[in-house]
Amino acid sequence: GRYFVKETKAPVGFIADSNAYEVFIDTHGKVYTISNDTSGCFINSPALGNLHIIKTSEDGIVEDFEFRVTGTTITGQDYDETFVTDENGEIFIENLRIGEYTVTELNVADRYIAPADVTVSVVTNGTAVANVYNALKRGSVVVNKTAEDDILAGHKFHLYGISLSGIEVDEYAITDENGVARFENILISDLDGYVIEEVETADRYLVPVEQTVNVEYTLTSEVEFYNELKRGNITLTKVDDEFRDKLLSGAVFEVYFDTDDNGVYDEGVDTLVGEMTEAETGIYRIDDVRYGGYFVHEKTAPAHYTADIGYYYVAVLADGETVVAENTEGTGLFINGIKRGSILIVKTSEDGKKEGFSFLVTGNGINMTVVTDANGEALIENLRVDSDYKIEEIEDEVSAKYIRPEAVTVTLLDGMTLVVSLYNQIAPIPEIPNTDVEEDAKDNKTADTICLIITLAGIPFMLVLAYFFVLQPKLKAKKN
């Protein structure tokens, strides 16, 4: 009879032949062969599908990535082939026998995290899709910040450079209260690493040197930064208020730090940091003080000078600078006034006269004349102390009849009124000497004789001459 043979179910992994094949059986016991191929065999076509590999990456590079596709088909054949992505990052593999296949990326670039293998099932007439994503490798950086003043929070750091992937890295982080700044998920660096620097550094600090740090996959790199305070010096020049070229030694100056940074000295708040050293005569200084404001206070003045009780502000703002403290704006000097005193001249005299006596007072730049008042006093005020003054009575019509006292030199001490008592004795009247009494008597007798001659005009002239030249000398000799 006539029969039709049709495959209703193919073996696993094959496609059933949908054709009906006719066979006519006309001989008893004969075996008839039905084939669908000239080979005399009934051949089944394998069940086929497709595989589509789609490559993506974090940096957008997708071309020329190499993949290996391996597996065992459902029909038992091993499969192992290598493919490369096109410019779109795709690989399309057609007519694969159905089964499970594993997609593995080969030769993954160092910048990427090697993606996990992807296993897909290829089914009949289907297209299995394997998505493979390349993430860039990342690491972390931690900054550990310390500072001389122990202020740790709020310091800003900048991390920058070109990553191994060629992508620019430009990140900022700020320290917490523990002085830690974290840079997370940073692309790994090349061998040159990244630059890390502190930015917006507070004025009080020296800017720390930038550093280089390498970022490695999954690792945390640590760097240390230390903030050192700027330091400088404070100096002053101590001089006399009247003689500015006179440098004063022996003062003691205290220096206080402006703790609350308000520019005003606050007792009990601002802290004493030390005393200045007299580096040379009249030059005082304190070195290596940290950045900030300070008050200079004169604790002890030089001998015989009045201390300035003020607190004078200076600020050290640049590293290594020397700032000048002054108590008189614009002079660059710390000026002291010397203490002052007075001299009171008290005049007395033998006859009780006091008023009108003149005195010359000299010394230490003073050259002045004073005159006693009705009480015999002359007051000279506002004289520099620790100085010698010479007091000398002036010879004039008032002092003429007196014996003037010797000049007096006195030393005026701090804040005193020095009383100088001076006494005048009346000078004696000088005597007029009688050098020749007898000659005077002789002259008187001669005059008497002349008078006698004149009176005795009637006596003969010869008698008169005899008396004058002969008798008178004898009388004189006899007397003698």
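Being a predicted model, the structure only gives us computed values, none of them experimental. Scope of the values below: all heavy atoms of this structure, side chains included, with no hydrogens, waters or symmetry mates.
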Answer yes or no: is there a side-chain heavy-atom contact under 4.5 Å between [X] and [Y]?
X	Y	answer
Leu422	Val346	no
Leu164	Asp110	yes
Leu333	Glu326	no
Phe157	Ile174	no
Leu412	Ser387	no
Ser140	Arg182	no
Val132	Val118	yes
Phe257	Arg290	yes

Please report the shortest heavy-atom distance between [X] and [Y], naming the atom on each side.
X	Y	answer
Thr328	Thr331	O-OG1, 2.6 Å
Ile283	Thr235	CG2-OG1, 4.0 Å
Thr85	Val62	OG1-O, 2.7 Å
Tyr305	Ala301	O-CB, 3.4 Å
Glu198	Pro208	OE1-CG, 3.1 Å
Thr259	Val269	OG1-O, 3.2 Å

Using 0.5 Å steps for rounding, measure from the [atom1] atom of [X] to the [atom2] atom of [Y].
X	Y	atom1	atom2	value
Thr411	Met416	OG1	CE	9.5 Å
Asp319	Arg231	CG	CZ	9.0 Å
Met276	Tyr284	CE	OH	10.0 Å
Thr409	Tyr389	OG1	OH	12.5 Å
Ile186	Glu184	CD1	CD	8.0 Å
Ile338	Arg384	CD1	CZ	4.0 Å

Discussion item. Check for me whether Lys156 meets the cation-pi criterion with Tyr172, that is, NZ or CZ under 6.0 Å from the six-membered ring centre and within 45 degrees of the ring axis.
Written reply: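 Checked: cation-pi criterion met.
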
Fill in: CA sep, side-chain torsions, deciding dist, call: Glu242, Arg340, salt bridge (charged side-chain N to carboxylate O under 4.0 Å, His left out)
CA-CA 12 Å; Glu242 193 172 353; Arg340 302 278 172 165; 3.0 Å; yes

Report yes or no: do [X] and [Y] form a side-chain donor-acceptor pair below 3.5 Å?
X	Y	answer
Thr362	Asn367	no
Asn233	Glu321	no
Asp149	Tyr205	yes
Glu197	His158	yes
Asp59	Ser165	no
Thr372	Glu355	no
Ser249	Glu278	yes

Worksheet entry | Any donor-acceptor pair under 3.5 Å from Ser399 side chain to Ile394 backbone |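 At least one qualifying donor-acceptor pair exists.
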
Discussion item. Donor-acceptor check, side chain of Asp386 to backbone of His304, threshold 3.5 angstrom: yes or no?
Written reply: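 No: the side chain of Asp386 does not pair with the backbone of His304.
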
Item to complete: Verify ring-ring contact (aromatic ring centres under 6.0 Å, His included) between Phe334 and Phe253, making sure each step is shown before the conclusion.
Response: CA-CA 11 Å; Phe334 205 100; Phe253 288 95; 5.0 Å; yes

Practice prompt. Name the orientation class of the two ring planes belonging to Tyr265 and Phe295 (parallel below 30°, tilted from 30 to 60°, perpendicular beyond 60°).
Written response: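 Ring orientation of Tyr265 relative to Phe295: perpendicular.
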
Give a yes or no on whether [X] atom [atom1] has more than 12 heavy-atom contacts from other residues, nucleotides or ligands under 6.0 Å away.
X	atom1	value
Asn262	CG	yes
Glu66	CD	yes
Phe83	CZ	yes

Discussion item. Pair Glu254, Tyr256 - check side-chain hydrogen bond (donor to acceptor under 3.5 Å, both in side chains), show working.
Written reply: CA-CA 7 Å; Glu254 295 177 325; Tyr256 291 83; 2.9 Å; yes

Discussion item. I want to know whether Tyr294 and Tyr313 have ring centres closer than 6.0 Å.
Written reply: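 Between Tyr294 and Tyr313, the centre distance exceeds or equals 6.0 Å.
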
Worksheet item: What about Phe357 and Tyr402, are their ring centers closer than 6.0 Å?
Response: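 Yes, they do, as the ring centres are separated by less than 6.0 Å.
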
